[in-house]
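For reference, the structure is listed below as structure tokens.
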2 protein chains.
Amino acid sequence: MASSGTGPRRVTIDDVAEAAGVSRQTVSRALNDKGEIGASTKQRVLDTAQALGYRPSRFARGLVRQDTVSVGLVIPDLLNPFFTEVAAAALEAARDRGWHVVVYDTGDRTEEERGTLEVIASQVDAVVGYLSLPEDEIDKLTRGLPVVLIDREHRTQRFSSIRIDGESGVHAAIRHLTAAGHRHIGMLDHAERSEPSIRHRWFDAAMSACGLDSGSVAHADQSVEGGESALRELLGRHPETTAVFTFNDIIAIGALRAARRSGRQVPRDLAVIGFDGLQLGTLVDPPLTTVALDTRRLGALTVEQAARLLTGSGPLHTDELTVGAELRLRESG
Amino acid sequence: MASSGTGPRRVTIDDVAEAAGVSRQTVSRALNDKGEIGASTKQRVLDTAQALGYRPSRFARGLVRQDTVSVGLVIPDLLNPFFTEVAAAALEAARDRGWHVVVYDTGDRTEEERGTLEVIASQVDAVVGYLSLPEDEIDKLTRGLPVVLIDREHRTQRFSSIRIDGESGVHAAIRHLTAAGHRHIGMLDHAERSEPSIRHRWFDAAMSACGLDSGSVAHADQSVEGGESALRELLGRHPETTAVFTFNDIIAIGALRAARRSGRQVPRDLAVIGFDGLQLGTLVDPPLTTVALDTRRLGALTVEQAARLLTGSGPLHTDELTVGAELRLRESG
DNA sequence: TTGAAAGCGCTACCAA
DNA sequence: TTGGTAGCGCTTTCAA
């Protein structure tokens, strides 16, 4: 914790009052543009305040007029384009309510997340974001603070979470591919957990709904390089593949690169469809077709739920806390 | 401004004290893990606190132990990859000091910037970031708050700014291109102001230092599309061009796309070197060679200067507030 | 138009 | 180990 250091003692309202030869209430009036004060007095007060370098204490002020809300936004890595978009969406939603957002980037380190949660508790009115600690630990660290998790199941009563539902979007993607004549559609799933991701389950369901055998799968690290090598592996095992759906856009971008490097043209020789709808997808070549999350809605819902938890006005329920995703056709598939 | 709404009255430390049958100091001790308290008392207090849903007021707490620093980070657009990196760097530097960062995204709108500055003044201890309002207005709105500007000249005494010095990096880039045999090197400058950018001046200086005539120039909007059409224009006017240096990486990525679409291979037919050193540059194909800013240093310096302004301990001077840039060779040039 | 007094909710410093 | 008291710096209410 930094402190105000060895600098001179803080200038208070009383100092200004004394220097201006008035009472502190008069100073307060001058500063807050209340009426009931003579123009010349006001000017004199303002001048001395400036001369003394006076700045009201936000704590003292917040204490008496209890009207500012701050939420802590915890994300693993702001440089990850997905989290950037989530953060931007949350900032936008918060601004609409006049809320302040304190952002914490944990750098994907558990220890940092713990430290952040520890200090956050005394700094904000609610916590939202991506947390990876076990529930009981989060519970302990956030003691009574409203918590809104994004894209994470939970059992603890006190938490809320925003659920991502990509089912219909993925269906649309697969329908789109089959309509274009694709029969051999693979998936680049993520590699983190042992079980298949829920996005993979949506993929399987969509495949069988379209009357196709469940497609071949390769697992990718969540990086461009990961997508690159996963595609190579998949095509090695299943050269007949003409289209891939990926766990997210980053992996898809890697697939795009691998395709180009192997001399395949996208989408002519290989169609690629990602998931997330990152702006980044418009920058690559060809622009990425993707199942796009409604990130702004995600941000809005997150903040909305935090607001309800905060005021105790009936929080939204699970089915209202769901963000959809829809197929965004660009050029890669 | 949101308010605590119609919810029940806030639970205070006195409520807990009364319910637990102890004094409020005892409650305070229990909550803050101070010693000097019986284990059973402590547990009882903690339990009642939990039962009552008690949460300490951060304002009251901040008022008495004056040891938390918050800085407001103002940026025009978090989704712009450059600002994302700046923000991430600032967050990292702030975390090292235990500071809290309140992030405001003005969406590039002057009106929002004004509103932000207005409300920020009472919420943070210092303001850092990219501001576009006229100096006198910033001065008025931030009244006595330390302000650290990034990459913007200023006259106002109260402001500090972090300067970006790409001169030697740009020299290195041009030397690199000439060493590879390039003689006709163009520049895609930005289009915003009438006068040439300072990056353009570095380019010119580097060109003449390498014994080349000053290169041809086209002006680009700061977007991928802008870079795309600017490159087309430049090549239309100067088909002999074999290399381009761009105002920033975004424009360079546009140039990359335009080159590919015109059937030119990079870097064989056209070398492209950007400026900024965005991570994004590693995702495109081929990975972008660029004059990379030391963003982390930028963040660190910004926060360091804010700290010095805050404590009154001698602020850094202009020459110490400069961030360099160096050539980062990847594959595009 | 101005000022005195009473808190906002908490912790620090004593005294018990 | 506990509790009383005195603020932290500000705004609000009420009286002058």
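No experiment lies behind these values; they were computed from the predicted model shown. In what follows, chains carry the letters A, B, and so on, assigned in the order in which the sequence lines appear, proteins first and then strands, with residues in each chain numbered from 1. Reckoned from all heavy atoms, side chains included, excluding hydrogens, waters and symmetry mates.
An OP1 or OP2 oxygen of D:dT11 is reached within less than 4.0 angstrom by a side-chain nitrogen or oxygen of A:Ser28. For B:Lys34 and C:dA12, the shortest distance from a side-chain N or O to OP1 or OP2 is below 4.0 Å.
At the heavy-atom level, B:Asn32 lies under 4.0 Å from the strands shown only through sugar-phosphate atoms.
For A:Tyr130, the ring pair (Phe, Tyr, Trp, His ring centres under 6.0 Å) partners two or more places apart in sequence, or in a different chain, are A:Phe83. By the side-chain contact (heavy atoms from CB on, under 4.5 Å) test, A:Ala87 pairs with A:Leu73, A:Ile75, A:Leu78, B:Leu78, sequence neighbours left out. Remark: A:Asp125 pairs with B:Arg58 by the salt bridge (Lys or Arg N to Asp or Glu O under 4.0 Å) rule, at least two apart or across chains. Checked against salt bridge (Lys or Arg N to Asp or Glu O under 4.0 Å), A:Arg308 has the following partners two or more places apart in sequence or in another chain: A:Glu304. In this structure, the salt bridge (Lys or Arg N to Asp or Glu O under 4.0 Å) partners of A:Arg95, at least two apart in sequence or on a different chain, are B:Glu112. For A:Asp105, there are no salt bridge (Lys or Arg N to Asp or Glu O under 4.0 Å) partners, not counting sequence neighbours.
The nearest whole Å value for the distance from the CD1 atom in A:Ile13 to the C1' atom in D:dC8 is 14 Å. A straight line from CG of B:Asp15 to P of C:dC8 spans 11 Å, rounded to a whole angstrom. In this structure, the CG atom of A:Leu31 is 16 Å from the P atom of D:dG9, given to the nearest Å. As a whole-Å value, the separation of A:Leu63 CG from C:dA6 P is 18 Å. For A:Arg65 and C:dG7, the CZ to C1' distance is 16 Å, given to the nearest whole Å.
For the pair B:Val124 and B:Val71, the minimum side-chain heavy-atom distance is 4.5 Å or more. No side-chain heavy atom of A:Val128 sits less than 4.5 Å from a side-chain heavy atom of A:Gln305.
Near DNA chain D, defined here as any heavy-atom distance below 4.0 Å, the residues from residues 51-62 of chain A are A:Tyr54, A:Arg55, A:Pro56, A:Ser57, A:Ala60, A:Arg61, listed numerically.
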If a protein heavy atom is under 4.0 Å from the base, mark B; if only from the sugar-phosphate, S; if neither, -; do that for nucleotides 1-6 of chain D going 5' to 3'.
SBBBBB
Mind listing the side-chain donor-acceptor pairs of residues 131-140 of chain B below 3.5 Å, one per line with the distance, residues two or more places apart or on another chain?
| from | atom 1 | to | atom 2 | distance (Å) |
| --- | --- | --- | --- | --- |
| B:Ser132 | OG | B:Glu113 | OE1 | 2.7 |
| B:Glu135 | OE1 | B:Arg155 | N | 3.0 |
| B:Glu135 | OE1 | B:Thr156 | N | 2.8 |
| B:Glu135 | OE1 | B:Thr156 | OG1 | 2.4 |
| B:Glu135 | OE2 | B:Arg155 | N | 2.9 |
| B:Glu137 | OE2 | B:Arg114 | NE | 2.3 |
| B:Glu137 | OE2 | B:Arg114 | NH2 | 3.1 |
| B:Asp139 | OD1 | B:Arg158 | NH1 | 2.1 |

